[in-house]
Participant: 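What follows is a structure written as structure tokens; I'll ask about it next.
Protein chains get the first letters and strands the later ones, always in sequence-line order, with residue 1 at the start of each.
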Amino acid sequence: MTELTAPAAGADAPQASLWKDAFRAMARRPDVLFASLIMLFVFTMAAFPGLFTDKDPTRCIGREARGRPETWFRGEHPLGTDAFGCDFAATIVHGTRPTITLALSVIVLSVLIGMTLGILAGYFGGWIDAVISRALDVFIVIPLMMGAILLLSLFRGRGSSGNLLETVAPAAIALTLFGWMEFCRYARAATIETKNLDYVTAARCLGAKDRRIMFRHVLPNAVVPITAIVPTSLGSVIVVEAALAVLGIGVQPPATSWGVLLSNGTQWAGGGYIYLFGIPLGLLILTVFSFATFGDALRDALDPKLR
Amino acid sequence: MNAETGQASAAPEPVLQATGVVKHFPVQRGVVFKRTVGNVRAVDGVDLELHAGRTLGVVGESGCGKSTLAKLLVGLEPPTSGSIKVLGQEIGGLSARRIRPVRRDVQLVFQDPYTSLNPRMTVGDIVGEPFEIHTDVVPRRERGAAVKELLDMVGLSPDHVNRYPHQFSGGQRQRIGIARALALRPRVLVCDEPVSALDVSIQGQVINLLERLQDELGLAYVFIAHDLSVVRHIADEVAVMYLGKVVERGAGAEIYGGPRHPYTQALLSAVPVPDPALRGHREEIVLQGDVPSPIDPPSGCRFRTRCWKAAERCAEEVPGLDEGGGAHEAACFYAEGRDVTRAVK
């Protein structure tokens with residue numbers, strides 16, 4: 001056994017596994033830590049808006065409308081006021097929760113639906129694949145925007161009671177219904193590629209059940225392309241939500257969201273009130289960036305060769 | 001489970017028995033309404049028998065059905081017809097659920113050690129996976145120790161459990177594959193060209209490992225290869241395949257010393273002569289043409305289209321393995337022993 005080397009590592013080292021090693025590899029990357037800080041900040045804002053502002057975003061004084069933030073981050077209105085005299089900082093902070101809830105629920109649901117259907121279609125093939133693939137084709141033909149508009153028109157005019165679920169659910173359902181296809185296609189392609197590999201045959205030869213092969217061998221391969229598209233989808237969900245808000249069928253007032261703020265802000269950005277547009281945009285970019293960094297790092301960490 | 005099978009080699013019942021095994025893959029045309037336009041006759045009536053502690057070498061050129069035969073023997077593909085018995089139990093027509101317990105007794109070693117190990121799993125997870133599938137073999141707490149023992153058995157350091165496959169060389173990876181196949185203590189190991197992807201220097205090490213394991217565990221091997229010298233070294237018995245059929249079968253020494261079937265003679269005459277002084281002094285048989293398509297094989301003897309002995313009878317009748325009644329079985333009407341490996345000045 002001349003090709004063997006004597007290792008120095010302790011024999012009692014804990015059993016490593018893909019996900020444990022991946023987590024450890026990610027924790028060592030500074031860009032991941034930075035991205036995690038941004039995500040932590042955004043999530044705290046969504047969970048505990050009271051920590052960041054003591055103002056009520058619905059208490060608006062017309063007299064104070066479009067007050068530029070003279071004293072940045074201090075004073076009566078840390079980020080100035082918007083077109084209706086509401087405190088802008090409070091508006092942003094209170095708009096975070098619907099935004100994040102909507103974006104995350106759309107992404108999580110889309111990934112779950114898309115990956116499940118994609119892996120099933122790719123793994124079993126035959127009529128299951130035929131049914132899922134044809135359904136996919138039908139949904140892909142309908143543009144996200146149009147589908148969402150048509151579906152949300154059903155909920156139109158119901159107003160909002162301020163309840164988070166009622167505020168977000170219609171938009172979340174509509175966007176998920178027309179947003180899962182991309183994940184499904186990537187998962188299906190990765191599954192078809194994986195299922196004929198020798199190591200899957202080896203697992204089958206050992207007597208592994210379909211479920212085990214799908215979770216242990218196929219899923220980690222299918223996650224790779226998904227991690228690459230989740231961050232961009234996250235950004236596009238927030239932007240589409242803004243477009244729906246312009247049409248009055250997205251998040252219903254008095255609840256607000258970054259998308260609503262963005263679309264309102266564009267009207268004033270040209271008139272010197274660039275902060276009304278720039279601050280929500282900056283937050284959106286930072287959030288998408290942190291998800292992108294995280295997804296990228298996760299993909300690298302899941303590939304032992306790159307570690 | 002069966003570390004004591006070394007003594008069982010005297011038992012009359014074969015550990016693996018295939019009778020008239022046929023595997024056809026339908027060739028289909030059409031998008032919506034599929035119609036079968038023909039069959040690829042990958043394996044077309046193969047009989048073989050393997051006893052504990054013995055090695056059966058299966059040789060043949062690419063595309064002759066060797067790998068399909070391997071998949072049939074381990075139950076990965078159901079045979080179109082015929083019977084495959086593992087320890088006397090039929091696996092040919094079993095459902096996926098019923099076949100699972102039998103899987104433990106016959107395992108597969110793959111050709112390519114670079115694709116047969118999941119790159120995202122640690123060595124410990126790969127070798128330990130059989131225990132997670134068959135949870136009753138080793139209790140959960142003892143699995144870590146069992147994995148280390150397996151690694152030790154195949155000549156790897158037990159400390160390598162937390163490494164990933166890409167950190168190993170080809171030979172080491174093949175050892176990991178062997179350790180995984182051995183985890184369930186099988187009686188039969190089907191090795192599908194286990195060394196053809198390795199360096200020649202490493203091939204020897206892996207072959208020696210397989211021989212040592214056979215002695216220690218009483219394993220029976222089906223050793224599929226196209227490298228005739230490797231088979232000569234390891235096999236007790238040799239079966240030569242051509243286009244889905246066994247054309248000659250017998251003890252290793254008999255086949256190599258006096259092949260009777262024209263195809264075997266041609267195959268063996270192509271083995272390189274290890275002595276440069278004797279090069280060119282051996283009778284070489286060069287076959288004409290290509291292997292016919294397995295979708296539409298020739299009538300009668302399948303080798304007749306390339307055979308220099310072919311007569312009219314060969315086109316009309318299918319020769320059985322018992323033709324001629326020589327020292328060992330050969331499926332040829334005009335079989336005669338002929339030493340083609342020796343070169344003389």
Participant: Please classify the contact between B:R100 and chain A as side chain, backbone, both or neither, with a heavy-atom cut-off of under 4.5 Å.
Facilitator: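 B:R100 touches chain A through side-chain heavy atoms alone.
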
Participant: Taking NZ in A:K195 as the centre, count heavy atoms belonging to other residues, nucleotides or ligands within less than 6.0 Å. Is the count above 12?
Facilitator: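 Above 12, so yes.
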
Participant: May I ask you to check whether over 12 heavy atoms, not counting those of A:Y186, lie within 6.0 Å of atom OH?
Facilitator: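 No.
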
Participant: Tell me the residues of residues 197-211 of chain A whose non-hydrogen atoms fall below 4.5 Å from those of chain B, in number order.
Facilitator: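 Only A:D198, A:Y199, A:T201, A:A202, A:A203, A:R204, A:C205, A:L206, A:G207, A:A208, A:K209 of residues 197-211 of chain A have a heavy atom under 4.5 Å from chain B.
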
Participant: Assess whether atom CD of B:Q28 is packed by more than 12 heavy atoms of other residues, nucleotides or ligands within 6.0 Å.
Facilitator: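 Enclosed.
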
Participant: Whether B:E129 and A:R216 form a salt bridge (side-chain N of Lys/Arg under 4.0 Å from carboxylate O of Asp/Glu) is what I want to check.
Facilitator: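 Salt bridge: no.
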
Participant: Output the residues of residues 106-116 of chain B for which the shortest heavy-atom distance to chain A is under 4.5 Å, in residue-number order; output 'none' if no such residue exists.
Facilitator: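 So far as heavy atoms go, B:Q107, B:L108, B:F110, B:D112, B:T115, B:S116 are the residues that approach chain A to under 4.5 Å.
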
Participant: For atom CZ of A:F294, is the number of surrounding heavy atoms from other residues, nucleotides or ligands below 6.0 Å larger than 12?
Facilitator: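 For A:F294, atom CZ is not crowded (no more than 12 foreign heavy atoms under 6.0 Å).
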
Participant: Is B:P158 in contact with chain A via its backbone, its side chain, both, or neither, using a 4.5 Å heavy-atom distance?
Facilitator: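 The answer is neither part of B:P158.
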
Participant: Determine whether B:R120 and A:V224 make a side-chain contact, defined as any pair of heavy atoms from C-beta on separated by less than 4.5 Å.
Facilitator: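 Counting from C-beta outward, B:R120 and A:V224 do come under 4.5 Å.
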
